[in-house]
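Owing to the predicted nature of the structure, the values given are computational and were not obtained by experimental measurement. Read the numbers this way: they start at 1 and go in the same order the structure lists the ligands and their atoms.
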Amino acid sequence: MMTAKEIRDSYKKFFESKGHAIVPSAPMVIKDDPTLMFTNAGMNQWKDIILGTRDPEPRRRADTQKCLRVSGKHNDLEEVGHDTYHHTMFEMLGNWSFGDYFKEGAIDMAWEYLVDVLKLNPEDLYVTVFEGDPKEGLERDDEAAGYWLKHVPADHIINGNKHDNFWEMGDTGPCGPCSEIHVDSRTPEQKAASGKSGRELVNQDDPQVIEIWNLVFMQYNRKADGSLEKLSMNVIDTGMGFERLVRMMQGKHSNYDTDVFQPIIKAEQQITGLKYTTFEEEASMSSETSSSSQEQINVAMRVCADHLRAVAFSIADGQLPSNAKAGYVIRRILRRAVRYAYTFLGQKEAFLYKLLPTLVEEMGDAFPELKAQQQLIAKVMKEEEDSFLRTLDKGISLLDKAMEQLKAEGKKELDGEQAFRMFDTYGFPLDLTELICRENGFTVNEEQFNAEMQKQKERARNAAAVENSDWVELKAGEQQFVGYDYSEYECEILRYRKVTQKKNEFYEIVLSATPFYGEMGGQVGDQGVLVSENETIEVIDSKRENGQTVHIVKQLPKEPAAQFMACVDTDKRDASAANHTATHLLDYALKQVLGDHVEQKGSFVSPDTLRFDFSHFEKVSDEQLREVERMVNDMIRQDLPRDEHRDMPMEEAKKLGAIALFGEKYGDKVRVMRFGPSCELCGGIHATSTGRIGFFKIIAESSVAAGIRRIEAKTGKECEELLYQLEDTLKAVKSFFNNAKDLQGVIRKYIEEHDSMKKEIEGFQAQAVERAAKQLAEKAREVNGVKVVTAVLPMTPAAAKDLAFKIRTAVEGSLLCVIGSHDNQKPQLTIMLSDDMVSDHKLNAGQMVREAAKFIQGGGGGQPHFAQAGGKNADGLSAAVDKVIEMANL
Ligand code: ATP
Ligand code: MG
């Protein structure tokens with residue numbers, strides 16, 4: 001039996017033998033495409049080739065691509081675990097032809113690989129072809145069907161409709177028919193029992209008759225008006241689910257029974273002490289022994305095994321769980337796993353992270369990023385799990401209270417708003433709330449819940465609404481980026497469009513050539529102007545989209561077709577460049593001082609500051625920070641020249657020791673940026689030499705997430721300002737101390753004096769309180785057997801409390817003591833009662849103080865025998881004291 005690894009290798013070997021360049025997987029997390037957060041198909045990384053903005057050579061490529069289908073157009077999250085063939089994260093095996101072979105080549109190769117190389121049984125294979133669509137003027141894909149007939153009998157070819165068999169990249173752009181290969185993996189018994197042919201079950205959601213490979217034939221371009229034109233270059237794009245293929249090859253009936261998942265599931269069984277039942281075990285059980293609780297355990301174990309992979313790979317790619325966007329998607333996946341483990345596997349403590357070593361053991365060789373960052377991934381996972389488990393606990397006790405209330409009111413249904421609050425605040429999806437309620441004999445009002453959900457979605461949609469108008473094309477062509485060499489350049493406008501965002505309107509402009517660096521890799525976009533003979537337009541920002549700089553302007557030029565000079569604001573750019581170069585030096589110095597585990601996890605570079613996030617497991621000490629600063633400033637003073645290589649083959653760059661980032665997408669040719677010992681792959685704008693940075697100073701070091709530290713720093717002119725501020729502060733402080741020479745000594749002496757004076761004053765106060773207590777106790781009036789003490793005095797609230805307690809000790813018998821005190825105009829009312837006043841006279845100091853505090857415009861409270869209230873109006877103190885006496889009604 002072939003192992004998963006052998007199958008992965010055989011795919012690459014086969015397509016290599018067919019002239020394909022074997023390329024690496026792109027990162028799963030996408031960082032520079034506003035329309036897509038995660039790679040969800042092998043073709044994502046070739047989008048610009050297919051759109052014609054990137055060189056298609058080499059025209060034959062193949063790879064295995066990490067994909068994640070948890071959001072947007074492809075979202076399989078809710079299926080995962082409940083079925084046995086959809087995953088959140090999976091590997092997609094793909095081969096591509098960009099204007100090379102087309103349908104026949106793709107079909108022949110796919111067949112040869114599955115049947116001749118892997119020896120899958122052709123009798124179990126079915127293929128689909130596009131049936132045509134009269135509305136679109138499209139005929140059946142007879143061409144593909146003809147090629148399939150070379151390999152399979154006609155009754156293994158099935159027509160499919162536009163929904164299943166016509167692939168489109170988006171509303172516009174490349175599209176075309178596709179052919180899927182399905183496998184009937186039913187056992188002989190199942191086949192016999194069902195009485196249906198595999199053909200009848202294709203695309204019917206039968207868990208044993210599933211699609212494994214989709215061959216897409218891109219031959220049309222969909223225009224904005226909906227019409228189709230022929231594509232200038234035909235493209236083959238195929239995608240085969242690796243885990244599904246492994247299952248077929250290993251004769252299994254569930255992806256989870258293969259060696260891709262079994263090691264993880266074994267680890268789950270070991271930790272939980274629960275048993276997972278494979279397809280075979282399930283099939284051999286009588287219906288009495290296979291129970292629904294066992295099925296719940298199976299589902300939960302599948303969920304955890306699957307989500308472990310998705311979360312670990314995302315973190316390795318640089319996407320940490322967080323509160324927004326891609327980070328929130330990852331957080332939700334992790335929380336889904338925690339819920340299942342908590343509810344069905346009895347895991348009340350962090351669990352997923354314990355499975356990580358097994359995953360790394362299994363996949364760390366094929367995906368070294370996992371191995372390299374294992375410690376960080378474990379730390380982040382555990383912290384996320386712990387924090388969500390605390391939330392779960394809180395949520396569950398809240399739900400318990402709500403159910404108690406329902407019981408008391410004799411109701412059976414939890415209202416949907418409460419259920420929604422559980423979701424919104426505690427991350428409880430409806431099914432979890434329902435589950436807990438059901439176990440306690442309650443139901444949940446789903447309709448109300450859905451209505452609340454709808455309301456929230458609308459709120460979110462309104463907040464994020466962005467409206468893009470169509471691009472207005474002025475000239476055909478692609479943009480040339482000249483920003484590495486120029487800060488001013490002659491150009492024309494290729495196209496522009498209007499964008500409306502939260503009622504703000506602006507325009508996006510694409511130029512024929514531009515020196516503007518669009519925001520990327522943490523460096524902010526350039527600002528500047530577009531100048532024509534008759535006007536000057538301000539560029540307020542620039543962004544990067546599909547490999548091009550998009551210039552943001554508030555208003556369009558009156559003559560958009562004119563010739564322009566695009567001029568970058570060089571003051572700002574030079575400052576950004578210096579900060580970017582300083583970031584590289586900082587990265588280098590951190591690795592020297594802290595160790596090689598330091599890995600960039602985020603970076604922000606603007607004209608006035610730089611921020612650098614990196615993996616490190618403890619606070620960086622002050623001495624270490626100093627050492628880093630010294631090292632960086634040393635490199636600045638050496639004035640190391642910029643050594644830039646624009647098109648270096650990746651292999652050569654690696655030999656130079658260039659630092660590449662996990663989760664970053666690099667081509668075969670890379671840009672290498674060297675300053676002395678610092679050597680990184682980088683597309684940013686840099687200073688011509690390190691001397692331009694001037695000076696480097698760290699201003700803050702903090703934690704941003706589990707295992708991730710952040711350093712903020714300033715350079716050059718900003719440091720000058722920093723120094724002036726410090727100098728001014730110091731001067732001011734010195735002047736307070738008559739410009740004393742030994743400033744520190746003088747201040748220390750002041751502090752010592754202050755401390756001893758404070759102690760002395762406290763001593764005097766205590767004595768004064770003692771005396772006052774004695775005098776007041778002696779002067780106590782007696783009303784109907786109760787000793788009454790009243791006074792209005794200047795003293796602190798703490799002293800007043802002290803006084804009240806001392807009077808209580810000094811006075812024997814029944815006592816009512818009311819003290820009005822004021823401290824710097826702030827009034828305070830203090831009431832003290834003896835115990836019998838509470839028990840026999842039924843007085844309550846807390847209640848009385850609240851009522852009487854109205855006279856001092858304040859409020860407070862306390863216990864029945866002692867209470868205090870602060871206020872704003874010191875003039876009302878006597879009245880407040882009188883009010884208490886009146887209320888006591890002696
Ligand atoms: P399905 O109908 O089974 O969801 P699909 O039509 O969404 O598949 P494609 O988008 O054509 O699939 O993706 C190509 C291949 O990737 C599929 O043939 C399948 O083998 C695999 N695949 C798709 N989605 C998943 C998933 N969630 N988990 C594992 N493999 C998948
Ligand atoms: Mg699907």
Just to verify, which of Gln294, Arg302, Gln296 counts as forming a side-chain hydrogen bond (donor to acceptor under 3.5 Å, both in side chains) with Asn298? Gln294
With a 4.0 Å cut-off, would you call Glu189 and Lys191 a salt bridge? no
So, is Phe90 polar-close to ligand 1, with some N/O to N/O distance under 3.5 Å? no
Can you confirm, on distance only, whether ligand 1 has an N/O atom lying under 3.5 Å from any N/O atom belonging to His86? yes
Please work out, at 4.0 Å between heavy atoms, whether the side chain, the backbone, both, or neither of Glu211 comes within that distance of ligand 1. both
Testing the basics here: between Leu118 and Met249, what is the closest heavy-atom pair and its distance to 0.1 Å? O-CE, 3.4 Å
Numbering the atoms of ligand 1 from 1, which are under 4.0 Å from a heavy atom of Tyr85? 28 (N), 29 (C)
Could you list the atoms of ligand 1 found under 4.0 angstrom from a heavy atom of Asn214? 11 (O)
Please report whether ligand 1 has a polar contact with His74, defined as an N or O pair separated by less than 3.5 Å (distance criterion only). no
Under 4.0 Å from one or more heavy atoms of Met92, ligand 1 contributes atoms 13 (O), 14 (C), 16 (O)
Using a 4.0 Å heavy-atom cut-off, say whether Glu180 meets ligand 1 through its side chain, its backbone, both or neither. neither
Determine the interplanar angle of the Phe344 and Tyr340 rings, folded into 0 to 90°, and report it as parallel if under 30°, tilted if 30 to 60°, perpendicular if over 60°. tilted
Parallel, tilted or perpendicular for Phe15 and Trp213, by the 30°/60° rule? perpendicular
Closest non-hydrogen atom pair between Tyr11 and Gly94, with its separation: OH-C, 2.9 Å
At less than 4.0 angstrom from any non-hydrogen atom of Asp76, what atoms of ligand 1 do you find? 24 (N), 26 (C), 27 (N)
Can you check which of Glu79, Lys73, His87 brings a heavy atom nearest to atom 26 (C) of ligand 1? His87
Side chain, backbone, both or neither: which applies to Arg69 and ligand 1 if a contact is any heavy-atom pair less than 4.0 Å apart? side chain
Determine whether any heavy atom of Glu243 lies closer than 4.0 Å to an atom of ligand 1. no
Does Ile210 have a non-hydrogen atom less than 4.0 Å from ligand 1? no
Verify the distance criterion only: is there a donor paired with an acceptor across the side chains of Asn161 and Glu131 at less than 3.5 Å? no
How about His253 and Tyr85: are their ring centroids closer than 6.0 Å? no
Is Glu281 salt-bridged to Lys275, cutoff N-O under 4.0 Å? yes
What do you reckon, does Met240 have a nitrogen or oxygen under 3.5 Å from a nitrogen or oxygen of ligand 1? no
